[in-house]
Amino acid sequence: MDIFLNGKPVEYEIETETTIGQVIDYVAKWLLGQGAVLVSGRLDGQSFDLLENSEIRSTSIKEHHKLEFESQNARLLVIETVNELGQYLDRVARLAPGLTEKEITEETVTQLVDGLWWCEDVFKRVEEILRLSFREIEFEGEKLHKRILRLGDIRDHIGAAFKGGNHAALRGLLRDSVGPLCDTLVRAIPIILEKGELNYPTDGLKEELEELLPSLQQLPERLEAIAVKISIGDSARGMQEFAEAVSALEKAFLFVEKGRKQLAIPDEELVMDGKSFEERNQALSGILSELIEAFERRDRVLIGDLIEYEIAPVTQALVLILEKIGKNAKGSCH
(Lines give C-alpha, C1' and ligand atoms only; values in the text may rest on other atoms or scores of the structure.)
Protein backbone atom coordinates (compact mmCIF):
# COMPACT_ATOMS: atom_id res chain seq x y z
CA MET A 1 0.00 0.00 0.00
CA ASP A 2 1.25 3.49 -0.86
CA ILE A 3 1.23 6.09 1.93
CA PHE A 4 1.31 9.85 1.30
CA LEU A 5 1.69 12.74 3.74
CA ASN A 6 0.71 16.18 2.44
CA GLY A 7 1.01 14.86 -1.11
CA LYS A 8 4.49 13.35 -0.67
CA PRO A 9 5.19 9.60 -0.53
CA VAL A 10 6.22 8.18 2.84
CA GLU A 11 8.96 5.56 3.05
CA TYR A 12 7.57 3.18 5.62
CA GLU A 13 8.16 -0.58 5.86
CA ILE A 14 5.11 -2.34 7.22
CA GLU A 15 3.94 -5.92 7.53
CA THR A 16 0.96 -7.01 5.46
CA GLU A 17 -1.11 -7.81 8.57
CA THR A 18 -0.75 -4.29 9.96
CA THR A 19 -4.09 -2.51 10.32
CA ILE A 20 -5.02 0.93 9.03
CA GLY A 21 -5.49 2.05 12.63
CA GLN A 22 -1.95 1.03 13.57
CA VAL A 23 -0.56 3.04 10.64
CA ILE A 24 -2.63 6.08 11.64
CA ASP A 25 -1.45 5.88 15.26
CA TYR A 26 2.19 5.52 14.20
CA VAL A 27 2.04 8.52 11.85
CA ALA A 28 0.19 10.62 14.44
CA LYS A 29 2.78 9.82 17.12
CA TRP A 30 5.66 10.61 14.77
CA LEU A 31 4.07 13.92 13.74
CA LEU A 32 3.57 15.01 17.35
CA GLY A 33 7.32 14.70 17.79
CA GLN A 34 7.67 17.07 14.83
CA GLY A 35 5.21 19.60 16.26
CA ALA A 36 2.40 18.66 13.88
CA VAL A 37 -0.94 16.83 13.99
CA LEU A 38 -3.07 14.84 11.55
CA VAL A 39 -6.13 16.73 10.36
CA SER A 40 -7.63 14.50 7.65
CA GLY A 41 -7.27 11.20 5.86
CA ARG A 42 -8.29 9.54 2.59
CA LEU A 43 -8.32 5.82 1.92
CA ASP A 44 -8.38 4.75 -1.74
CA GLY A 45 -9.62 8.22 -2.61
CA GLN A 46 -12.42 8.35 0.01
CA SER A 47 -12.29 10.66 3.06
CA PHE A 48 -12.81 9.07 6.48
CA ASP A 49 -12.64 9.95 10.18
CA LEU A 50 -9.13 9.17 11.38
CA LEU A 51 -10.16 8.43 14.96
CA GLU A 52 -13.80 7.41 15.01
CA ASN A 53 -14.21 5.00 12.07
CA SER A 54 -13.44 1.74 13.86
CA GLU A 55 -14.48 -0.38 10.86
CA ILE A 56 -11.84 1.16 8.62
CA ARG A 57 -9.21 1.27 11.37
CA SER A 58 -9.52 -2.48 11.95
CA THR A 59 -8.99 -3.48 8.31
CA SER A 60 -5.63 -4.78 7.07
CA ILE A 61 -3.51 -2.63 4.79
CA LYS A 62 -3.41 -5.45 2.25
CA GLU A 63 -7.09 -4.76 1.51
CA HIS A 64 -6.29 -1.23 0.30
CA HIS A 65 -4.03 0.51 -2.20
CA LYS A 66 -3.52 4.12 -1.12
CA LEU A 67 -3.59 5.94 2.24
CA GLU A 68 -3.27 9.75 2.21
CA PHE A 69 -2.78 12.02 5.22
CA GLU A 70 -2.95 15.79 5.64
CA SER A 71 -1.14 17.32 8.60
CA GLN A 72 -0.82 20.82 10.01
CA ASN A 73 1.53 22.62 12.34
CA ALA A 74 0.12 22.01 15.82
CA ARG A 75 0.73 25.56 17.03
CA LEU A 76 -1.12 27.12 14.10
CA LEU A 77 -3.95 24.62 14.34
CA VAL A 78 -4.49 25.24 18.05
CA ILE A 79 -4.46 29.01 17.59
CA GLU A 80 -7.03 28.84 14.77
CA THR A 81 -9.23 26.36 16.61
CA VAL A 82 -9.08 28.18 19.93
CA ASN A 83 -9.91 31.46 18.24
CA GLU A 84 -13.03 29.87 16.72
CA LEU A 85 -13.90 28.31 20.09
CA GLY A 86 -13.54 31.67 21.85
CA GLN A 87 -15.84 33.39 19.34
CA TYR A 88 -18.51 30.73 19.80
CA LEU A 89 -18.36 30.72 23.60
CA ASP A 90 -18.44 34.52 23.67
CA ARG A 91 -21.54 34.56 21.47
CA VAL A 92 -23.32 31.97 23.62
CA ALA A 93 -22.35 33.84 26.80
CA ARG A 94 -24.07 37.00 25.61
CA LEU A 95 -27.03 35.66 23.65
CA ALA A 96 -28.19 32.58 25.61
CA PRO A 97 -29.34 34.49 28.76
CA GLY A 98 -31.51 36.82 26.67
CA LEU A 99 -33.34 34.23 24.53
CA THR A 100 -37.08 34.81 24.57
CA GLU A 101 -39.76 32.12 24.87
CA LYS A 102 -40.38 32.37 21.13
CA GLU A 103 -36.67 31.95 20.35
CA ILE A 104 -36.28 28.79 22.46
CA THR A 105 -37.25 26.32 19.75
CA GLU A 106 -36.24 22.73 19.06
CA GLU A 107 -33.83 23.97 16.38
CA THR A 108 -32.24 26.52 18.73
CA VAL A 109 -31.79 24.00 21.55
CA THR A 110 -30.42 21.35 19.18
CA GLN A 111 -27.89 23.80 17.77
CA LEU A 112 -26.85 24.86 21.27
CA VAL A 113 -26.45 21.26 22.50
CA ASP A 114 -24.44 20.34 19.39
CA GLY A 115 -22.31 23.46 19.82
CA LEU A 116 -21.50 22.62 23.43
CA TRP A 117 -20.58 19.06 22.39
CA TRP A 118 -18.18 20.61 19.88
CA CYS A 119 -16.71 22.92 22.56
CA GLU A 120 -16.04 20.01 24.89
CA ASP A 121 -14.37 18.08 22.06
CA VAL A 122 -12.18 21.07 21.17
CA PHE A 123 -11.04 21.45 24.78
CA LYS A 124 -10.15 17.74 24.85
CA ARG A 125 -8.17 17.88 21.61
CA VAL A 126 -6.33 21.06 22.63
CA GLU A 127 -5.39 19.39 25.90
CA GLU A 128 -3.96 16.42 23.98
CA ILE A 129 -2.12 18.50 21.38
CA LEU A 130 -0.55 20.85 23.92
CA ARG A 131 0.11 17.93 26.30
CA LEU A 132 -1.58 19.74 29.16
CA SER A 133 -3.72 18.54 32.03
CA PHE A 134 -6.70 20.73 32.78
CA ARG A 135 -6.72 19.09 36.23
CA GLU A 136 -3.51 20.98 36.96
CA ILE A 137 -4.68 24.37 35.68
CA GLU A 138 -6.56 26.50 38.19
CA PHE A 139 -8.55 29.48 37.00
CA GLU A 140 -10.44 31.90 39.25
CA GLY A 141 -10.27 29.57 42.24
CA GLU A 142 -11.28 26.31 40.58
CA LYS A 143 -9.66 23.59 38.48
CA LEU A 144 -10.31 24.16 34.79
CA HIS A 145 -11.11 20.46 34.42
CA LYS A 146 -14.18 20.90 36.65
CA ARG A 147 -15.45 23.83 34.62
CA ILE A 148 -15.22 21.83 31.39
CA LEU A 149 -17.03 18.90 33.03
CA ARG A 150 -19.71 21.35 34.13
CA LEU A 151 -20.10 22.44 30.51
CA GLY A 152 -21.03 18.85 29.64
CA ASP A 153 -23.42 18.60 32.58
CA ILE A 154 -25.20 21.81 31.61
CA ARG A 155 -25.46 20.63 28.01
CA ASP A 156 -27.12 17.39 29.13
CA HIS A 157 -29.49 19.25 31.46
CA ILE A 158 -30.52 21.60 28.63
CA GLY A 159 -31.38 18.67 26.37
CA ALA A 160 -33.29 16.88 29.14
CA ALA A 161 -35.22 20.01 30.18
CA PHE A 162 -36.35 20.72 26.63
CA LYS A 163 -37.25 17.10 25.94
CA GLY A 164 -39.22 16.93 29.19
CA GLY A 165 -41.04 20.20 28.47
CA ASN A 166 -39.61 21.86 31.58
CA HIS A 167 -39.38 25.37 30.14
CA ALA A 168 -38.84 27.04 33.51
CA ALA A 169 -35.73 24.93 34.14
CA LEU A 170 -34.54 25.50 30.57
CA ARG A 171 -34.85 29.30 30.88
CA GLY A 172 -33.04 29.13 34.22
CA LEU A 173 -30.16 27.15 32.70
CA LEU A 174 -29.83 29.56 29.79
CA ARG A 175 -30.01 32.62 32.02
CA ASP A 176 -28.00 31.57 35.08
CA SER A 177 -25.69 28.74 34.01
CA VAL A 178 -24.78 28.81 30.33
CA GLY A 179 -23.83 32.48 30.05
CA PRO A 180 -21.61 32.80 33.13
CA LEU A 181 -19.79 29.51 32.47
CA CYS A 182 -19.13 30.27 28.79
CA ASP A 183 -17.92 33.75 29.74
CA THR A 184 -15.51 32.23 32.29
CA LEU A 185 -14.17 29.76 29.71
CA VAL A 186 -13.54 32.61 27.25
CA ARG A 187 -11.41 34.32 29.90
CA ALA A 188 -9.59 31.04 30.58
CA ILE A 189 -8.46 30.55 26.97
CA PRO A 190 -5.38 32.82 27.24
CA ILE A 191 -4.34 30.85 30.35
CA ILE A 192 -4.55 27.58 28.40
CA LEU A 193 -2.38 29.01 25.64
CA GLU A 194 0.06 30.42 28.18
CA LYS A 195 0.39 27.04 29.93
CA GLY A 196 0.97 25.41 26.56
CA GLU A 197 3.65 28.01 25.81
CA LEU A 198 1.51 29.15 22.94
CA ASN A 199 0.13 32.66 22.51
CA TYR A 200 -1.38 34.78 19.80
CA PRO A 201 1.39 36.87 18.20
CA THR A 202 1.10 40.41 19.50
CA ASP A 203 1.95 41.93 16.14
CA GLY A 204 -1.27 40.40 14.75
CA LEU A 205 -3.36 42.68 16.94
CA LYS A 206 -2.61 45.70 14.77
CA GLU A 207 -3.93 44.04 11.59
CA GLU A 208 -7.03 42.78 13.36
CA LEU A 209 -7.67 46.22 14.84
CA GLU A 210 -7.38 47.91 11.45
CA GLU A 211 -10.09 45.58 10.16
CA LEU A 212 -12.40 45.99 13.16
CA LEU A 213 -12.40 49.75 13.68
CA PRO A 214 -14.03 50.85 10.39
CA SER A 215 -16.88 48.30 10.64
CA LEU A 216 -17.51 49.29 14.25
CA GLN A 217 -17.49 53.04 13.55
CA GLN A 218 -19.98 52.58 10.70
CA LEU A 219 -22.31 50.31 12.70
CA PRO A 220 -24.99 52.84 13.84
CA GLU A 221 -25.40 54.22 10.30
CA ARG A 222 -25.45 50.69 8.88
CA LEU A 223 -28.17 49.59 11.30
CA GLU A 224 -30.29 52.60 10.33
CA ALA A 225 -30.04 51.61 6.66
CA ILE A 226 -31.01 48.03 7.49
CA ALA A 227 -34.04 49.28 9.44
CA VAL A 228 -35.21 51.19 6.34
CA LYS A 229 -34.78 48.06 4.23
CA ILE A 230 -36.89 46.00 6.63
CA SER A 231 -39.59 48.68 6.88
CA ILE A 232 -40.15 48.62 3.10
CA GLY A 233 -40.65 44.86 3.07
CA ASP A 234 -37.22 43.36 2.38
CA SER A 235 -37.20 41.53 5.73
CA ALA A 236 -35.21 38.42 4.75
CA ARG A 237 -32.28 40.37 3.36
CA GLY A 238 -32.54 42.95 6.11
CA MET A 239 -32.32 40.39 8.90
CA GLN A 240 -29.36 38.73 7.19
CA GLU A 241 -27.54 42.06 7.03
CA PHE A 242 -28.54 42.74 10.64
CA ALA A 243 -26.86 39.49 11.77
CA GLU A 244 -23.73 40.40 9.81
CA ALA A 245 -23.68 43.89 11.34
CA VAL A 246 -24.06 42.63 14.89
CA SER A 247 -21.13 40.26 14.36
CA ALA A 248 -18.91 43.36 14.31
CA LEU A 249 -19.87 43.96 17.96
CA GLU A 250 -19.18 40.33 18.83
CA LYS A 251 -15.75 40.47 17.21
CA ALA A 252 -14.94 43.72 18.99
CA PHE A 253 -15.78 42.33 22.44
CA LEU A 254 -13.76 39.18 21.76
CA PHE A 255 -10.84 41.30 20.53
CA VAL A 256 -10.90 43.36 23.74
CA GLU A 257 -10.90 40.20 25.85
CA LYS A 258 -7.98 38.77 23.91
CA GLY A 259 -6.06 42.04 23.77
CA ARG A 260 -6.26 42.85 27.46
CA LYS A 261 -5.05 39.35 28.38
CA GLN A 262 -2.19 39.38 25.91
CA LEU A 263 -1.03 42.85 26.84
CA ALA A 264 -1.82 42.54 30.57
CA ILE A 265 -3.97 45.70 30.49
CA PRO A 266 -5.44 46.47 33.93
CA ASP A 267 -9.24 46.34 34.08
CA GLU A 268 -9.43 49.92 35.31
CA GLU A 269 -7.91 51.14 32.04
CA LEU A 270 -10.91 49.77 30.15
CA VAL A 271 -13.51 51.64 32.23
CA MET A 272 -15.49 54.06 30.07
CA ASP A 273 -18.08 56.51 31.45
CA GLY A 274 -18.00 54.72 34.79
CA LYS A 275 -18.78 51.28 33.33
CA SER A 276 -16.35 48.37 33.30
CA PHE A 277 -15.83 46.24 30.20
CA GLU A 278 -17.71 43.35 31.85
CA GLU A 279 -20.69 45.60 32.66
CA ARG A 280 -20.89 46.78 29.07
CA ASN A 281 -20.56 43.20 27.81
CA GLN A 282 -23.34 42.00 30.09
CA ALA A 283 -25.68 44.85 29.15
CA LEU A 284 -25.15 44.31 25.45
CA SER A 285 -26.98 40.96 25.34
CA GLY A 286 -30.16 42.61 26.65
CA ILE A 287 -29.84 45.48 24.19
CA LEU A 288 -29.40 43.11 21.25
CA SER A 289 -32.40 41.00 22.28
CA GLU A 290 -34.55 44.11 22.41
CA LEU A 291 -33.19 45.29 19.07
CA ILE A 292 -33.90 41.90 17.44
CA GLU A 293 -37.52 42.06 18.64
CA ALA A 294 -37.85 45.61 17.32
CA PHE A 295 -36.54 44.52 13.90
CA GLU A 296 -38.95 41.58 13.81
CA ARG A 297 -41.87 43.93 14.58
CA ARG A 298 -40.53 46.52 12.12
CA ASP A 299 -40.79 49.10 14.90
CA ARG A 300 -38.82 51.93 13.31
CA VAL A 301 -39.28 54.26 16.29
CA LEU A 302 -37.91 51.77 18.81
CA ILE A 303 -35.13 50.73 16.44
CA GLY A 304 -34.08 54.36 16.06
CA ASP A 305 -34.13 54.95 19.81
CA LEU A 306 -32.11 51.80 20.54
CA ILE A 307 -29.53 52.69 17.92
CA GLU A 308 -29.20 56.32 19.09
CA TYR A 309 -29.33 55.82 22.86
CA GLU A 310 -27.97 52.27 23.34
CA ILE A 311 -25.95 50.94 20.37
CA ALA A 312 -24.22 54.20 19.45
CA PRO A 313 -22.83 54.82 22.99
CA VAL A 314 -21.62 51.21 23.21
CA THR A 315 -20.01 51.56 19.80
CA GLN A 316 -18.29 54.82 20.73
CA ALA A 317 -16.99 53.35 23.99
CA LEU A 318 -15.72 50.25 22.18
CA VAL A 319 -13.89 52.35 19.60
CA LEU A 320 -12.06 54.20 22.41
CA ILE A 321 -11.19 50.91 24.11
CA LEU A 322 -9.94 49.40 20.84
CA GLU A 323 -7.79 52.46 20.19
CA LYS A 324 -6.34 52.16 23.69
CA ILE A 325 -5.49 48.49 23.09
CA GLY A 326 -3.93 49.47 19.78
CA LYS A 327 -1.63 51.94 21.55
CA ASN A 328 -0.64 49.27 24.08
CA ALA A 329 0.08 46.78 21.31
CA LYS A 330 2.22 49.34 19.49
CA GLY A 331 4.17 50.04 22.67
CA SER A 332 4.78 46.34 23.34
CA CYS A 333 6.39 45.88 19.96
CA HIS A 334 9.27 48.25 20.71
Side-chain angles (χ1 to χ4, degrees), residues 37 72-97 112 114-155 177-205 207-209 211-212 247 249-267 270 276-278 280-282 284-285 318 321-322 325 328-329 332:
V37 291
Q72 187 173 351
N73 180 282
R75 296 172 65 86
L76 294 177
L77 179 64
V78 169
I79 286 176
E80 292 172 3
T81 305
V82 165
N83 184 45
E84 185 179 356
L85 172 68
Q87 290 180 20
Y88 178 77
L89 287 171
D90 180 70
R91 183 176 301 172
V92 172
R94 289 187 290 103
L95 297 184
L112 178 59
D114 289 345
L116 297 181
W117 269 113
W118 172 77
C119 292
E120 196 174 2
D121 184 62
V122 169
F123 276 119
K124 177 183 176 183
R125 292 179 185 274
V126 167
E127 185 178 33
E128 292 172 349
I129 292 172
L130 296 183
R131 301 178 187 180
L132 296 172
S133 171
F134 291 150
R135 295 177 184 273
E136 297 174 1
I137 299 177
E138 186 169 305
F139 181 71
E140 296 184 355
E142 188 175 19
K143 298 294 184 184
L144 188 56
H145 174 72
K146 289 186 176 181
R147 295 185 185 274
I148 295 172
L149 287 177
R150 194 174 302 138
L151 187 71
D153 290 339
I154 291 174
R155 176 200 62 226
S177 300
V178 176
L181 179 58
C182 288
D183 184 58
T184 299
L185 290 173
V186 169
R187 297 198 305 274
I189 285 175
I191 304 298
I192 296 172
L193 297 179
E194 179 185 333
K195 295 293 184 181
E197 299 181 354
L198 186 65
N199 276 305
Y200 297 98
T202 303
D203 54 6
L205 288 174
E207 288 74 13
E208 193 172 347
L209 183 62
E211 181 182 346
L212 271 176
S247 70
L249 279 173
E250 296 176 344
K251 290 178 181 178
F253 272 90
L254 186 61
F255 176 86
V256 172
E257 187 65 51
K258 183 174 69 175
R260 70 174 183 169
K261 293 293 184 181
Q262 277 186 242
L263 302 170
I265 301 175
D267 291 344
L270 301 182
S276 68
F277 173 70
E278 282 77 13
R280 289 191 179 280
N281 194 351
Q282 188 175 12
L284 181 64
S285 62
L318 270 175
I321 290 173
L322 292 178
I325 290 176
N328 277 270
S332 69

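The shown structure was predicted, so the numbers you read here are calculated from the model rather than taken from an experiment.
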Discussion item. Using a 3.5 Å distance criterion without hydrogens, assess whether the side chain of R147 forms a donor-acceptor pair with backbone atoms of F139.
Written reply: yes
Sequence-distant partners of [X], salt bridge (charged side-chain N to carboxylate O under 4.0 Å, His left out), two or more places apart:
X    : answer
E120 : R155
R135 : none
D121 : R125

Worksheet item: Taking only residues two or more places apart in sequence, or in another chain, which ones meet E138 in a side-chain hydrogen bond (donor to acceptor under 3.5 Å, both in side chains)?
Response: none
Worksheet item: Does the pair K195/E136 count as a salt bridge with the N-to-O cut at 4.0 Å?
Response: no
Where do [X] and [Y] come nearest, in terms of heavy atoms and distance?
X    : Y    : value
C182 : A93  : CB-CB, 3.9 Å
C119 : L89  : SG-CD2, 3.8 Å
L322 : A252 : CD2-O, 4.2 Å
L116 : Y88  : N-OH, 4.1 Å

Atom [atom1] in [X], atom [atom2] in [Y]: separation rounded to 0.5 Å?
X    : Y    : atom1 : atom2 : answer
I189 : N83  : CD1   : CG    : 8.5 Å
E127 : I148 : CD    : CD1   : 6.5 Å
L149 : K143 : CG    : NZ    : 13.5 Å
I137 : L132 : CD1   : CG    : 5.0 Å
D90  : D183 : CG    : CG    : 7.5 Å

Worksheet item: Do the side chains of L185 and F123 get nearer than 4.5 Å, heavy atoms only?
Response: yes
Worksheet item: Is any side-chain heavy atom of T81 less than 4.5 Å from a side-chain heavy atom of L85?
Response: no
Practice prompt. Output all residues satisfying side chain to side chain contact (heavy atoms under 4.5 Å, CB included) with I154, sequence neighbours left out; order by chain, then residue number.
Written response: R150, I158, S177, V178, L181
